[in-house]
Amino acid sequence: MSALQPVRGTHDLLPEDMRRHRHVVDTARRAVALYGYQEMSTPIFEFTEVFKRTLGDTSDIVTKEMYSFERGGDHLTLRPEATAGVCRAVISGGLQQQAPLKYFYYGPMFRYERPQKGRLRQFHQIDIEIIGIAEPLADIEVIAAGARVLDALGILKRTTLEINTLGDSESRTIYRQKLVDYFRAHQARLSEDSVNRLERNPLRILDSKDDGDRHIVADAPLFDDSLTPAARDFFAKVCDGLNRLGIAFNRNQRLVRGLDYYCHTAFEFTTTELGAQSAVLAGGRYDGLIEMMGGPPTPGIGWAAGVERLSMMLRDVTPAPRPFAIVPVGPEGEALALTLTEDLRRAGFPVELGYRGNMSRRMKAANKVNARAAILIGEDEIKRGAATVRDLDSGEQAEVPLQALKDRLAQFR
RNA sequence: GCGGGUGUAGCUCAGUUGGUUAGAGCGCCAGAUUGUGGAUCUGGAGGUCGCGGGAUCGUAGCCCGUCACUCGCCCCA
């Protein structure tokens, strides 16, 4: 543990990384605003109970991934995901009465996992939730908003939308039992991981990467055969809506969510560009969640996307804005440069001042900050009440009276 | 929590079967250039060879341990 190193699984976002990061978040915020989602935020830590109750005592997140601590007798946890906090806020404020609630969310999340590509211990998610609408129209809208965000980022074409239904609770109870019975019969040939999953999370076996498991899974009962007519109809409506919007998807019957409050639609936009991590934006319906937390029965659906993962998929780095560079020459130049710089900044122009060195040095500095133009202030210019403006791309330069300087700079926009 | 790979300058990497002052490119600083950037040339700074122990006359290179990074498993955005 070296104190001069970032904590394992955390990263500094230096300006270039930060620009990508900001681009992702700003683009998403703008895109979902068109769908009526409003930004909100909750604390980054909650009572541990908030996550324990919703994620279940035996889930991996609760048993080994939470950053928990105790302070003043309270058991607190840095949030591993956003939905639980949002739902807690809804209950705290009695907001379900104002349904539908449509929220956009951005912020850091914390999971104590072994870091790898596209997986960090502190990472950031963008997230939308629509709470209070049980109709399939909400599912369609949420998925469409996700597709819109990916499209606006220019990466939609490099992802695949996988979609599945987990049915209603009746369907799921039936299916779960069939599945457990089936896998019990083949338990001897299942991988060790999957035998463990039999107790904790049998649906997950469907998604096993073990070759032997895949063989057994191939003949496992299908969810479709356990769906109630109502659940089947719900899913058909979602698929139909996506078709009508021209959003391509693959039905993936192995796409599952382990936790009990999930139901109906589950979906993931996946990619092959991020190593072992495939999901870039994923979500589903969680009609049972708010009730499970102690609130009134309230349906909800949403998705989350990892900002770091999305950033990694961006092809072009957003360039830093190009400033103007003031290059003073001599003491009189420096004196005037100080006030002129501030004057231009107040007028809305991004301006860098060449801080030190001879003229050559300051011109180099101007070049290094990728300045659009240099503004030279020396004895000659001061005498004439002017500045020399040099276009650093073309190399052309001309003297401009100080009163006309802002108009001249505006032409570079 | 489990398994594989990698640690040499700010970055990317050389460094022969172990041999005496550990190199290059890029970047950085400065000069050529006291009113002109990019290009070029010259010079300079910068290294506990991840860390600790061991073997050896002698280690960046071998052995053991440890830490970090990285890839994968579990799980997940």
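Quick caveat: nothing in here was measured; it's all calculated off a predicted structure. Numbers restart at 1 for each chain; the letters A, B, ... are given by sequence-line order, proteins then strands. The analysis underlying the following values was restricted to heavy atoms, covering all of them including side chains, and did not include hydrogens, waters or symmetry mates.
Checked by distance alone, A/R114 brings no side-chain donor or acceptor within 3.5 Å of a matching partner on the base of B/rC75.
Partners of A/D26 under the side-chain hydrogen bond (donor to acceptor under 3.5 Å, both in side chains) rule, at least two apart in sequence or in another chain, are A/R29. Looking at residues two or more places apart in sequence or on another chain, you find a salt bridge (Lys or Arg N to Asp or Glu O under 4.0 Å) between A/E46 and A/R88. Taking A/Q125 as the reference, nothing meets the side-chain hydrogen bond (donor to acceptor under 3.5 Å, both in side chains) condition, with sequence neighbours excluded. Partners of A/R158 under the salt bridge (Lys or Arg N to Asp or Glu O under 4.0 Å) rule, at least two apart in sequence or in another chain, are A/E273. A/R361 is linked by a salt bridge (Lys or Arg N to Asp or Glu O under 4.0 Å) to nothing, counting only residues two or more places apart in sequence or in another chain. When the salt bridge (Lys or Arg N to Asp or Glu O under 4.0 Å) test is applied to A/E129, no partner is found at least two apart in sequence or on another chain. Residues passing the side-chain hydrogen bond (donor to acceptor under 3.5 Å, both in side chains) test with A/N164 are A/R251, sequence neighbours excluded. The side-chain hydrogen bond (donor to acceptor under 3.5 Å, both in side chains) test applied to A/K117 returns no partner, not counting sequence neighbours.
Within residues 117-131 of chain A, the residues that have a heavy atom under 4.0 Å from RNA chain B are, in order of number, A/K117, A/G118, A/R119, A/L120, A/F123, A/Q125. Residues from residues 28-39 of chain A that place a heavy atom under 4.0 Å from any atom of RNA chain B: there are none.
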Practice task
For each nucleotide in nucleotides 29-38 of chain B, reading 5' to 3', give B when a protein heavy atom comes within less than 4.0 Å of its base, S when such contact involves only the sugar-phosphate, and - otherwise.
Solution key: SSS-B-BBBB
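Scanning RNA chain B for stems, defined as runs of 3 or more consecutive Watson-Crick or G-U wobble pairs whose donor-acceptor distances all fall under 3.5 Å, gives the following ranges: B:1-7 with B:67-73, B:10-13 with B:23-26, B:28-32 with B:40-44, B:50-54 with B:62-66.
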